[in-house]
Amino acid sequence: MNYETLLQPVVNFLHCRTPDAWISVARRPENLPLLLTDHLVCELKAALTATWLIRKYVADKPSGEAILAWLKPYEAFVYRELPDHDFLQAHKNLARNITSTNRFPWADDLVDKMMLLIKEELHHFYQVWEIMQQRGITYQKMTASRYAKSLMREVTTHEPVTLVDKLICGAYIEARSCERFAVLAPHLDADLEKFYLSLLRSEARHYQDYLTLAQNIADFDITERVQAIGEAEARLILGEDSELRFHSGCPVL
Ligand SMILES: [Fe+2]
Ligand SMILES: [Fe+2]
């Protein structure tokens, strides 16, 4: 696989590269348990965001409840530290069975793209959890990074721009994840490097899927919104941060 070709559109989309100041802290071996734990939670959050979009805009009530049920074992583990580790079983039960309320012409496209994303993010979650198990890293709850919350402040509060903005935020979060996996990979041991590079293809597609949905759903030119949210994203990445997280700014520890 040619990683540079894969990464090029992602880097062009983002307004800045990850600063060396982040890499120099993130690469320290003592920070690996923290990064893997945060990565694990980010995978679940990515799945939850897509779930929220399907439930809010497309699914009827029974379908919405079915998706929530899929996510339950993961949420119980991450947010309540309950010892349900049967993620593989939960994963097998994921099926496309969404009944749309058919309000929007783009409903099926959103369901198809977001369902694929949910499945892939939960698979990544399982992979990260497995790596943590192999390395004897016990999951412990930690505070979320300010990144996603701060980015969401850029979201316009009236529809249909709200949905479009949320999709653009999704595109930036996925693109940044992809870029961070690529910059961190060469500083990790061989197994982790291989794993992180293996994630690039799906994360690059996730960013494109979010952006395509935003373009298709909007009945206006989204260039300005993409620009504004991209600038806000870059400010968070280039600014100082009090803690190291996967999507943090430059850690001042
Ligand atoms: Fe992922
Ligand atoms: Fe993703």
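Below, each value reflects all heavy atoms present in this structure, side chains not excepted, and no hydrogens, waters or symmetry copies. All values derive from a computational prediction rather than experimental measurement. One-based numbering, in listed order, for ligands and for the atoms of each.
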Q) Do the ring planes of Phe13 and Tyr172 sit parallel (below 30°), tilted (30 to 60°) or perpendicular (above 60°)? A) parallel

Q.
For the residue pair Glu193 / His187, report whether a side-chain donor-acceptor contact shorter than 3.5 Å exists.
A. no

Q) So, Gln134 versus Glu130: side-chain donor-acceptor pair below 3.5 Å or not? A)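 No, no side-chain donor-acceptor contact under 3.5 Å.
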
Q) Which protein N, O or S atoms does the Fe ion (ligand 2) have within a distance shorter than 2.8 Å? A) Glu121 OE2, Glu174 OE1, Glu203 OE1, His206 ND1

Q. Residues in side-chain contact (heavy atoms from CB on, under 4.5 Å) with Ala234, at least two apart?
A.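 Result, side-chain contact (heavy atoms from CB on, under 4.5 Å) vs Ala234: His15, Cys16.
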
Donor-acceptor pairs under 3.5 Å, side chain of residues 159-168 to any protein atom, not counting sequence neighbours: which ones?
unit_1	atom_1	unit_2	atom_2	d
Glu159	OE1	Leu163	N	3.1
Glu159	OE2	Tyr57	OH	2.5
Thr162	OG1	Thr156	O	2.8
Thr162	OG1	His158	N	3.2
Thr162	OG1	His158	O	3.1
Asp165	OD1	Arg225	NE	2.9
Asp165	OD2	Thr156	N	2.8
Asp165	OD2	Thr156	OG1	2.5
Asp165	OD2	Arg225	NE	3.3
Asp165	OD2	Arg225	NH2	2.9

Q: Sequence neighbours left out, what pairs pass side chain to side chain donor-acceptor pair (under 3.5 Å) with at least one residue falling in residues 137-146?
A: Thr143-Glu243, Thr143-Arg245, Arg146-Asp241

